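One structure below.
Everything numeric in this text was worked out from a predicted model, so none of it was measured.
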Amino acid sequence: VNGTGYKTFAEAVAAIVKDCTVEIYEAGTYKVPNISAGNVTVKGMVDGVVFDCTGSGSIASLTNTVTFENVTFNMGQSNYHGFQHAGTINMVGCTINGLFFSYGDMNFTDCHFVQETKEYNMWLYGGDISFDNCVFEGNGKYFNVYNEGRAATPDKITVKDCVAINNGSANKAVFNVKETCGATVLTYDVAIEGTNVLVGAFPAASESSSLTVLNGFVQVDDKNPNPTEDGKDVVVSSADDAKLAEVAKSDYDTAKASGEAAVETLLSNAASKATDMEISYSTPETPKPVKVNGTGYKTFAEAVAAIVK
């Protein structure tokens, strides 16, 4: 911890203070500790540093900013399982196996998400979340953007230069953005940037009363047929430089069998031929058919209540 060696992980954890770095030099399986100090970095200095996070409920209490580097998280497949009520969590060069729920701001850089079942990789269940140069590997389901109506202001979801690999049949787009929870309209701002790559089968763009597939990367599900709330909406947009590339799964498997360099070459070639990703979606505005002095109201009763001299 900050250069001082300890015989056990437990002793090192006890020595954690604000603005410190915890370096793990021995491969093995550990438990994520409770960390209350702020701006702490936990770094695997060798490959094979694994955090066993299987179970249910909250994994650990991380009340301030914590950064994990070069470690693996084995999450299991439990619902509502994550770092609940946490401060900002950063993950750099990490592998996340299984199903994971977010409960606060999180930033993923150079991370690899792996889901071997037909579940999601992750539920974006709360907080501003960013993905930069990450790989998402699953079986037709990846990220469920959904918060049960708890967010008062839009959760910001930003995705840049990522690769999604489908090891199964086409099912959902990479980001499945829920527009409603029951009668409640949810609120999200989803921004796609850079060049993103789809490997395998993904749904084509389509439109129905309940689902809008913008492309294989983003879809809006459980659409709101009768907008009922002001200030709550889902906005999906692509940056001016956003592009989308596609790679056949058979080509990817062939490259993978030849090694990491072949995979990088394949993806790089695909990215160079990517097409512009021009997508835009926003929740329809609430109808306000009755006006009082120019202000619209959803019902005549609301308008009557607003009458003044």
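- At least one donor-acceptor pair closer than 3.5 Å links the side chain of Asp128 to the backbone N or O of Lys156.
- Side-chain heavy atoms closer than 4.5 Å link hydrophobic residues (I, L, V, M, F, W, Y) into clusters, and following such links, even through other members, never connects Ile165 to Val174.
- By the 30° and 60° cut-offs, the orientation of the rings of Phe73 relative to Phe51 is parallel.
- A distance-only check finds no donor-acceptor pair linking the side chain of Tyr6 to the backbone of Ala15 [under 3.5 Å].
- The CD atom of Glu69 lies 9.0 Å from the CE atom of Met45; values are rounded to the nearest 0.5 Å.
- In this structure, a donor-acceptor pair under 3.5 Å is absent between the side chains of Glu23 and Thr21.
- Tracing side-chain contacts under 4.5 Å through hydrophobic residues (I, L, V, M, F, W, Y), one reaches Val40 starting from Val13; they form part of the same cluster.
- Looking only at distances, a side-chain donor or acceptor of Thr117 sits under 3.5 Å from a matching main-chain atom of Glu119.
- Taking OG1 of Thr72 as the start and CG of Asp52 as the end, the distance is 12.0 Å to the nearest 0.5 Å.
- Shown are Val177, Val235, Leu214; of these, the side-chain contact (heavy atoms from CB on, under 4.5 Å) with Tyr281 is made only by Leu214.
- Here the side chain of His112 pairs no donor or acceptor atom with the backbone of Gly93 at under 3.5 angstrom.
- In the hydrophobic cluster analysis, where Ile, Leu, Val, Met, Phe, Trp and Tyr join through side-chain heavy atoms closer than 4.5 angstrom, Val218 is grouped apart from Leu211.
- The number of heavy atoms from other shown groups lying within 6.0 Å of NZ (Lys256) does not exceed 12.
- If you chain together hydrophobic residues whose side chains sit under 4.5 Å apart, Met91 and Tyr30 fall into the same group.
- The closest side-chain heavy-atom distance from Thr95 to Phe113 is not below 4.5 Å.
- Cluster annotation: Tyr103 is connected to Ile96 through the hydrophobic network of ILVMFWY side chains, with a link wherever side-chain heavy atoms come within less than 4.5 Å.
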* To do: Given ring-ring contact (aromatic ring centres under 6.0 Å, His included), test Phe136 with Phe143 step by step and report yes or no.
  => CA-CA 9 Å; Phe136 315 135; Phe143 296 91; 4.6 Å; yes
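- A salt bridge is absent between Asp132 and Lys160: the closest approach of a Lys/Arg side-chain nitrogen to an acidic carboxylate oxygen does not fall below 4.0 angstrom.
- Atom CD of Glu302 is surrounded by more than 12 heavy atoms from other residues, nucleotides or ligands within 6.0 Å.
- Gln115 and Asn121 share no donor-acceptor pair across their side chains, judged by distance under 3.5 Å alone.
- With hydrogens and angles ignored, the 3.5 Å screen pairs a side-chain donor or acceptor of Thr254 with a backbone N or O of Ser250.
- Looking at Glu179 and Thr283, their side chains do bring a donor and an acceptor atom within 3.5 Å of each other.
- Checked by atom type, the side-chain pair Lys249/Asn167 shows a donor-acceptor distance below 3.5 Å.
- Checking side-chain atoms of Ser130 against main-chain N and O of Asn107 turns up no donor-acceptor pair under 3.5 Å.
- A donor-acceptor pair shorter than 3.5 Å can be found between the side chains of Thr67 and Asn90.
- When atom types are taken as modelled, the side chain of Asp221 and the backbone of Asn176 share no donor-acceptor pair closer than 3.5 angstrom.
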* Going through the checks in order, is the ring-ring contact (aromatic ring centres under 6.0 Å, His included) test met by Tyr125 and Tyr80? -> CA-CA 9 Å; Tyr125 197 59; Tyr80 306 105; 5.6 Å; yes
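- Checked against Tyr142 for a ring-ring contact (aromatic ring centres under 6.0 Å, His included), the options Tyr120, Phe202, Phe217, Phe100 give a single hit: Phe202.
- Remark: Asp19 CG is packed, more than 12 non-hydrogen atoms of other residues, nucleotides or ligands lying under 6.0 Å away.
- Donor-acceptor pairing under 3.5 Å is recorded for the side chains of Asn74 and Asn97.
- Classification of Glu207 and Lys223 as a salt-bridged pair holds, one side-chain N sitting under 4.0 Å from a carboxylate O.
- The aromatic rings of Phe131 and Phe108 sit parallel to each other, their planes meeting at less than 30°, with 60° as the upper class boundary.
- Formation of a donor-acceptor pair under 3.5 Å by the Thr158 side chain with backbone atoms of Ala191 is not found in this model.
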